[in-house]
Amino acid sequence: MPDVPSAADEVAALRAASTRLREVIEAKDAMLAARDAQIAALAGQVEALAARVAELERRLGKDSSTSSRPPSSDSPYQKKPRDRSLRQRSGRRPGKQPGAQSSTLRQVAEPDRVVVCPPAACSGCGADLAGADVTAVQRLQESDVTLPPPPTVTEYQVQARECGRCGTVTAGEPPARITGRAQHGPQVHAQAANLASARHIPVARAARLMGDLTGVNVSAGFMAGVRGKAAARCEPFMDHVRHLLRQAGVLYADETPARAAGNLRYVHVACTEFLTAMHTGGRSAADIDAGGVLPGYAGVIVRDGYAGYQHLTEALHAWCGAHNLRDLRDLYDFDPHGQLWARSMADLLIDANAQATAARAAGQAALTSHQTDRIRSWYRGAVAKGITDNQGKRAKINRDGLRLARRFRDHQDMILRFATDLAVGFTSNQAERDVRPVKVQQRTSGGTWRTLQGLADFAVVQSYLSTTSKWGITRLDALRQLFTTGPWLPPAIAPT
């Protein structure tokens, strides 16, 4: 008979099988734990990547309406939102406004040439009408340009004469501007500077256009150098304008990058409604002070949030409302449900600006205490909600929202300066408009300036042209005066 295992052997076998099963289960548990850890790590990566994609989409979606980027940086291939403007509707219809001066081409009283168009024969019987009476005349005029005449050449014959008494030979003196055997006159310089600086045309094309329009053929080198000549003649103008700007109660300041000689430079501007002064340099406090306007200035500076202006402690500062609205819009458009405070703050700024504009139009010196109390209460409420809604959250949009809300909390006086002082504008758009020709010229000239001196000369000439145009002087007339009698200097008072 086969051996029958005893109960002890069966128990030992079961225990061995149980041990093997326990080892298998423990191995499976360890494998599952490793899988759970891997899944958790992958989930974390997915969450981080999703946040990264959302942030990149947010950056990609930024344009000049939701950031401080200039409009020239907007992609021409991307469809723009229907409503990109931060301004409210004016209520006016598009096109020419009622009462505005017409620009229709009108007839002149004394034309240069008259061409008579008589009928050849009677339309009824065919008789000859050569000697018939004229019963009516319809005047039709055509305006056209004439071919440029050849340039007028003036020769200065500098005579030398011998004195009949002592025998000394004395030579005459030509006009001070005549320094070479053959040179271009002031009108040629003015036309060239108008094309190269005022019209943003690259020098080679400007030289060809100069020949086509005036009949004066100049080289590209002459066209490139005329800007430096104009800048040198503007030195008295720049000194005078800087003096007037330091006396203004409110200044608008801005800076814009420009590539020159392979490096990134900055053009700084300080301006008012009637004055403009630009200069080049870096972006430091010393570079801002190099313009000679802002150091020691004790008025109000309307500017963006760049920290380089913080050393100007003698002046009061006002934060540009357009920059704040763009930052608020960027935040709200990306997370409209989580950033309701940004919409509320933007509504407040727009409403307060409307109240300030209406008060200025009515001749008020300030808003009423009820209006300012309401603005401040609304402002503090929006800030409190922005901090509460974003505090303690780790998402990038919440960190940005918290940072922006704290900015509004810490700089309330700067941001609301336009409402507490009606002499202060809501935006620094005046400065942005004045410095914009730098970007226009850079774009039309291949995206860079060949030399830093060329950029500096352009900034000086544009300061002159911007100021004269604000006073109603055409740019060509201003350049003509610059190259004949000297730069036009603005008076100490603004025009009424």
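The analysis underlying the following values was restricted to heavy atoms, covering all of them including side chains, and did not include hydrogens, waters or symmetry mates.
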Could you tell me the separation between the [atom1] atom of [X] and the [atom2] atom of [Y], rounded to the nearest 0.5 Å?
{"X": "Thr468", "Y": "Leu476", "atom1": "OG1", "atom2": "CG", "value": "11.0 Å"}
{"X": "Asp112", "Y": "Thr146", "atom1": "CG", "atom2": "OG1", "value": "9.0 Å"}
{"X": "His200", "Y": "Arg443", "atom1": "NE2", "atom2": "CZ", "value": "13.0 Å"}
{"X": "Phe483", "Y": "His184", "atom1": "CZ", "atom2": "NE2", "value": "12.5 Å"}

- Message: Parallel, tilted or perpendicular, judged at 30° and 60°: which one describes the rings of Tyr266 and His268?
- Response: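 Judged by the thresholds at 30° and 60°, the geometry between Tyr266 and His268 is tilted.
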- Query: Trp341 vs Phe408 aromatic rings, parallel, tilted or perpendicular, using cut-offs 30° and 60°?
  - Reply: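 Rings of Trp341 and Phe408: perpendicular, over 60°.
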Carboxylate-amine/guanidinium contact [X] [Y], below 4.0 Å:
{"X": "Asp212", "Y": "Arg208", "result": "no"}
{"X": "Asp351", "Y": "Arg374", "result": "yes"}
{"X": "Asp333", "Y": "Arg329", "result": "yes"}
{"X": "Arg433", "Y": "Asp254", "result": "no"}
{"X": "Arg406", "Y": "Asp410", "result": "no"}

- Query: Less than 4.5 Å apart, any side-chain heavy atom of Asp389 and any of Gln339?
  - Reply: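 With C-beta onward as the side chain, the pair stays apart.
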- Taking C-beta and beyond as the side chain, do Lys393 and Arg399 meet within less than 4.5 Å on heavy atoms?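 Lys393 vs Arg399: side chains apart.
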Look at atom [atom1] of [X] and say whether more than 12 heavy atoms of other residues, nucleotides or ligands are closer to it than 6.0 Å.
{"X": "Arg409", "atom1": "CZ", "value": "yes"}
{"X": "Arg242", "atom1": "CZ", "value": "yes"}
{"X": "Glu235", "atom1": "CD", "value": "no"}

- Item | Axial cation check for Phe458 ring with Arg227, 6.0 Å and 45° limits |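 Judged by the rule (NZ or CZ under 6.0 Å from the ring centre, within 45° of its axis), Arg227 is not positioned above Phe458.
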- Item | cation_pi(Arg343, Tyr332) dist<6.0 Å, angle<=45 |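 Yes - Arg343 lies over the ring of Tyr332, closer than 6.0 Å to its centre and within 45° of its axis.
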Judged by modelled atom types alone, do [X] and [Y] share a side-chain donor-acceptor pair under 3.5 Å?
{"X": "Asp457", "Y": "Gln453", "value": "yes"}
{"X": "Lys470", "Y": "Thr276", "value": "yes"}
{"X": "Asp289", "Y": "His311", "value": "yes"}

Show the nearest heavy-atom pair for residues [X] and [Y], with the distance to one decimal.
{"X": "Ala230", "Y": "Val461", "answer": "CB-CG2, 3.8 Å"}
{"X": "Thr272", "Y": "Val250", "answer": "CG2-O, 3.6 Å"}
{"X": "Ala260", "Y": "Thr448", "answer": "N-OG1, 4.1 Å"}
{"X": "Ala359", "Y": "Leu367", "answer": "CB-CD2, 3.7 Å"}
{"X": "Met223", "Y": "Ala192", "answer": "SD-O, 3.4 Å"}

- Is the gap between the ring centers of Trp488 and Phe237 under 6.0 Å?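 No, the ring of Trp488 stays outside the 6.0 Å limit from the ring of Phe237, centre to centre.
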- Query: For the residue pair Tyr306 and His323, is the inter-centroid distance of their aromatic rings smaller than 6.0 Å?
  - Reply: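 Ring centres of His323 and Tyr306 not closer than 6.0 Å.
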